[in-house]
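What you see is a predicted model, and the numbers here were worked out from it, not measured in a lab.
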Amino acid sequence: SIAEEGKYQLISPDIATCQACLSELLEPNNRRYRYPFTNCTNCGPRFTIIEDMPYDRPKTTMRYFQMCHQCQEEYNNPLDRRFHAQPNACPKCGPKIELVDAQGKAVASPDPIATASRLLRRGNIIAIKGLGGFLLACDATNKTAVKTLRERKRRPFKPFAIMVTNMGEIKRHCHVSPEEEKLLTSPQSPIVLMRWKKDSPVSQEVAPNLAYLGVMLPYTPLHHILLRDTGLPLVMTSGNLSEEPIANDNDEALRRLKGIADYFLIHNRDIYSRYDDSVAIVERGINQLVRRARSYAPYPITLPFKSKQVLGCGAEMKNTFCLTRDNYAFLSQHIGDMENTETLEHFGNTISLYKRLFRIEPEIVAYDLHPDYLSTKYAQELSKSGSKLIPVQHHHAHIASCMADNGLQSPIIGVTLDGTGMGADRYIWGGEFLVADYKGFSRLGHLEYLPLPGGDAAIKRPYRTAIGYILSLSGENALRRLAFMEQVSKVEVEIIKRQIERRLNSPLTSSMGRLFDAVSALIGIRSKIDYEGQAAVELEMAAYKACPEHSEGTNDNESYPYSITKDRGMRIIKLGELFQAILEDLKQGSSKARISVKFHNTVAQMTKEMCQLIASETGINQVALSGGVFQNRLLLKKTVTLLESNGFQVFTHKQVPCNDGGISLGQAVIANFAK
């Protein structure tokens with residue numbers, strides 16, 4: 001409790017309600033029975049209520065609540081589990097909960113949670129103030145309620161997560177491995193993506209066209225009461241419109257979520273820092289974070305070297321930032337897609353908080369090469385205050401992030417497969433084979449460059465990418481008789497042809513993400529997307545239909561042809577034969593499922609062959625896999641299996657996401673070694 005100049009402490013993330021507090025919560029004779037703010041030193045809010053260090057109640061949002069005699073006795077007693085629990089409270093002295101309607105008028109009720117539960121059972125949508133912001137809840141078994149939430153939130157297809165009461169209930173809906181169960185019931189209690197049972201009563205509207213369902217257990221007392229009262233699995237999704245930060249205070253929620261929520265379950269404990277739910281998968285028995293936020297941030301990644309004070313500003317999509325000092329990398333919680341001023345403001349405010357909490361004043365600021373990213377512009381503004389700026393190539397940052405995640409320092413073969421990243425040659429990279437360490441990288445191979453007609457328009461409309469690739473690789477005749485072409489006008493095809501021929505708004509890309517998009521559109525799975533990666537995700541889902549009981553086709557080795565050429569020392573994967581073979585399969589009537597399996601096998605095979613060629617030149621047999629394409633569990637499993645069976649030691653992400661949520665860590669560690 002004594003502040004010392006320049007000294008700092010590690011800060012606990014908010015963690016799920018412990019068993020001791022849960023027992024009190026559910027015990028009718030306990031003074032904290034059904035009290036939604038029950039916590040102790042082992043659980044409850046931490047990071048979301050801290051304004052500054054040292055961590056004492058006056059420096060948290062609990063300072064407005066003076067403990068009653070009983071709570072103060074617990075707080076003062078070294079033998080009590082609430083000894084120095086800063087958020088300690090009870091119904092007498094702590095925060096209060098209230099139910100209001102969409103206009104903010106109080107709904108009279110002796111038990112607001114019980115009333116909210118009845119409203120949820122009737123099909124209403126309720127905004128619930130949680131640990132780090134508002135969540136939007138509705139009955140996950142009610143198709144109409146879920147569709148209404150989608151319409152109001154402007155989120156037609158992107159999957160929602162659900163919350164259920166206990167492990168027994170989760171097993172009604174999903175196939176659960178022992179490792180997944182351990183993660184679900186851990187103090188972190190993230191959303192875990194698991195195989196969805198076909199007979200689950202959860203509406204298909206929750207996660208349209210997907211074989212996986214995101215599920216979490218209650219992690220606050222309020223959730224525990226609500227789930228028990230409703231007796232339903234509930235959709236629990238971020239309280240925002242698409243692409244905005246999560247709403248975190250009552251007035252803001254009533255303003256921003258009006259028109260989405262029918263009612264609001266609010267309380268008077270302020271949230272100091274916004275905090276989305278973390279998302280994880282378990283693959284090959286290893287926990288891997290897809291989104292790192294609640295219960296993980298701001299706990300640091302331990303670095304294998306002593307670091308300077310550096311700020312890594314991250315990327316545009318799935319932004320995080322990273323501050324380093326000593327042997328620690330403080331990776332922020334998920335900030336979001338940096339596409340609007342609200343998210344930029346959240347980004348700047350959270351950087352200020354981390355700098356204050358961990359006593360960091362960055363001497364170096366690292367940023368992405370892309371000049372239009374808001375995170376890049378933010379970094380460049382800091383040059384005016386004297387900070388040294390270091391630009392970092394996107395895919396190098398991915399590999400450095402994976403290395404830091406695994407405590408590695410020696411040069412490694414880096415395979416970075418993603419959608420978009422500005423290359424050192426100003427083209428759009430995304431299918432990259434590097435040899436890299438923190439000091440630098442050599443690009444030794446990539447997918448061949450192909451046109452992206454319309455740039456961002458092609459990302460949102462994968463059929464444009466497919467047309468561009470087919471025109472470049474197979475010619476105009478190959479477009480005839482393709483099913484997906486029926487929805488494309490002749491005028492648009494002519495525009496795409498002219499864009500490619502004249503290089504008008506048709507940048508070249510080596511992106512693996514765009515290759516997945518093109519194949520998805522080509523075989524008639526997804527021509528237009530509603531959320532990032534949708535075409536690729538649904539292409540992966542199609543492969544499962546070819547595999548009984550979702551065995552993921554691990555014994556099916558059939559693949560498509562491709563070739564690898566060498567041009568001035570650069571190995572290039574040529575895709576003409578692959579597209580020709582897919583077109584032939586379509587002509588022969590092959591199913592989408594079979595084509596998808598063969599395509600996944602081909603990408604795994606490409607990766608293995610390129611790594612073998614690089615290893616034969618360099619003698620390196622360690623491979624790091626990074627980039628958002630490796631969120632594809634089928635591809636990840638096939639690739640790792642193939643590499644390991646050919647003698648490679650393979651490293652994947654664990655503590656930080658393989659997607660752009662891990663970029664800032666890579667930027668920060670690279671900047672430490674920049675000259």
Side-chain angles (χ1 to χ4, degrees), residues 1-15 44-64 84 86-87 131-133 245-246 248-249 252 269-276 292-303 306-314 319-336 338 342-367 374-375 378-379 381-389 664-665 667-668 671-672:
S1 296
I2 299 171
E4 294 183 56
E5 187 70 29
K7 296 294 176 86
Y8 66 100
Q9 291 175 298
L10 302 185
I11 293 170
S12 168
D14 298 32
I15 51 177
R46 296 288 186 275
F47 172 64
T48 53
I49 62 170
I50 295 172
E51 297 180 22
D52 202 353
M53 296 298 284
Y55 174 46
D56 289 320
R57 195 164 175 125
K59 292 189 176 181
T60 74
T61 61
M62 285 296 294
R63 65 179 174 272
Y64 305 108
H84 281 206
Q86 305 305 341
L131 280 176
I246 188 171
N248 76 328
D249 70 43
E252 179 192 2
R269 184 180 72 199
D270 290 341
I271 296 167
Y272 195 73
S273 192
R274 302 174 202 265
Y275 215 32
D276 286 277
R292 187 178 188 271
R294 175 183 55 77
S295 296
Y296 292 94
Y299 205 75
I301 311 300
T302 302
L303 297 173
K306 191 169 176 63
S307 172
K308 300 169 187 173
Q309 295 196 13
V310 177
L311 167 64
C313 291
N319 178 272
T320 62
F321 64 82
C322 183
L323 284 160
T324 63
R325 67 170 295 175
D326 303 326
N327 287 100
Y328 295 127
F330 296 96
L331 185 69
S332 77
Q333 69 270 35
H334 169 81
I335 300 294
M338 296 278 279
E342 294 88 352
T343 310
L344 180 62
E345 183 181 0
H346 173 32
F347 174 79
N349 290 343
T350 313
I351 288 175
S352 298
L353 173 64
Y354 273 61
K355 285 167 63 177
R356 188 165 68 247
L357 293 178
F358 301 114
R359 310 302 193 245
I360 296 174
E361 279 303 325
E363 55 195 283
I364 303 170
V365 178
Y367 60 94
L374 289 179
S375 56
Y378 177 92
E381 281 293 309
L382 296 180
S383 67
K384 297 173 184 175
S385 59
S387 297
K388 180 182 177 182
L389 298 189
S664 61
L665 172 61
Q667 292 172 340
N672 265 278

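A donor-acceptor pair under 3.5 Å is absent between the side-chain atoms of K59 and the main chain of D52, judged by distance alone. A donor-acceptor pair under 3.5 Å is formed between the side chain of R292 and the backbone N or O of L331. For D14 (side chain) and R46 (main-chain N/O), a donor-acceptor pair under 3.5 Å exists by modelled atom type. Looking only at distances, no side-chain donor or acceptor of Q9 sits under 3.5 Å from a matching main-chain atom of P54. Checked by atom type and distance alone, the side chain of Q333 never pairs as donor or acceptor with a backbone atom of A293 at under 3.5 Å. Of the possible donor and acceptor atoms, none in the side chain of S383 sits under 3.5 Å from a partner among the backbone N and O of A379. Although no hydrogens or angles enter the test, the distance criterion places no donor-acceptor pair under 3.5 Å between the side chain of R325 and the main chain of Q309.
Note that CD1 of I246 and CD of E252 are 9.5 Å apart. Values are rounded to the nearest 0.5 Å. Remark: R269 CZ to T60 OG1 distance equals 9.5 Å, nearest 0.5 Å. For the atom pair CD of Q667 and OG of S375, the computed distance is 7.0 Å after rounding to the nearest 0.5 Å. Here the straight-line distance linking atom CZ of F347 with atom CD1 of I335 works out to 7.5 Å at 0.5 Å rounding. Going from atom OG of S273 over to atom CD1 of I11 covers 10.0 Å, rounded to the nearest 0.5 Å. From S332, atom OG reaches atom NE2 of H346 across 7.5 Å, with rounding to the nearest 0.5 Å.
Contact annotation: the side chain of K388 never approaches that of V365 to less than 4.5 Å [non-hydrogen atoms, C-beta and beyond].
Applying side-chain contact (heavy atoms from CB on, under 4.5 Å) to T61 and the options I50, T48, I271, D270 leaves one that passes, D270.
Counting all heavy atoms, side chain and backbone alike, N319 lies closest to C313 at ND2-O, 3.1 Å. Nearest heavy atom pair, residue Y55 against residue P45, reads OH-O, 4.0 Å.
One finds no salt bridge joining R274 and D249 here, because no Lys/Arg side-chain nitrogen approaches an Asp/Glu carboxylate oxygen to under 4.0 Å. Salt bridge absent: R294 and D276 never bring a charged side-chain N and a carboxylate O closer than 4.0 Å.
The aromatic rings of F330 and F358 sit parallel, their planes meeting at an angle under 30°, below the 60° perpendicular limit.
For the side-chain contact (heavy atoms from CB on, under 4.5 Å) test, residues two or more places apart in sequence or in another chain that qualify with N672 are F305, S307, K308, V310, T324.
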Yes or no on side-chain contact (heavy atoms from CB on, under 4.5 Å) for L311 and I351, after CA distance, side-chain angles and deciding distance? CA-CA 9 Å; L311 167 64; I351 288 175; 4.3 Å; yes
Should M53 and Y8 be marked as a side-chain contact (heavy atoms from CB on, under 4.5 Å) after you check the CA-CA gap, both sets of side-chain angles, and the distance that decides it? CA-CA 8 Å; M53 296 298 284; Y8 66 100; over 6 Å; no
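By the neighbour-count criterion of 12 heavy atoms within 6.0 Å, atom CD of E345 is sparsely surrounded, having that number or fewer from other residues, nucleotides or ligands. Within 6.0 Å of OH in Y328 there are 12 or fewer heavy atoms belonging to other residues, nucleotides or ligands.
Between Y354 and F47, the distance from one ring center to the other falls under 6.0 angstrom.
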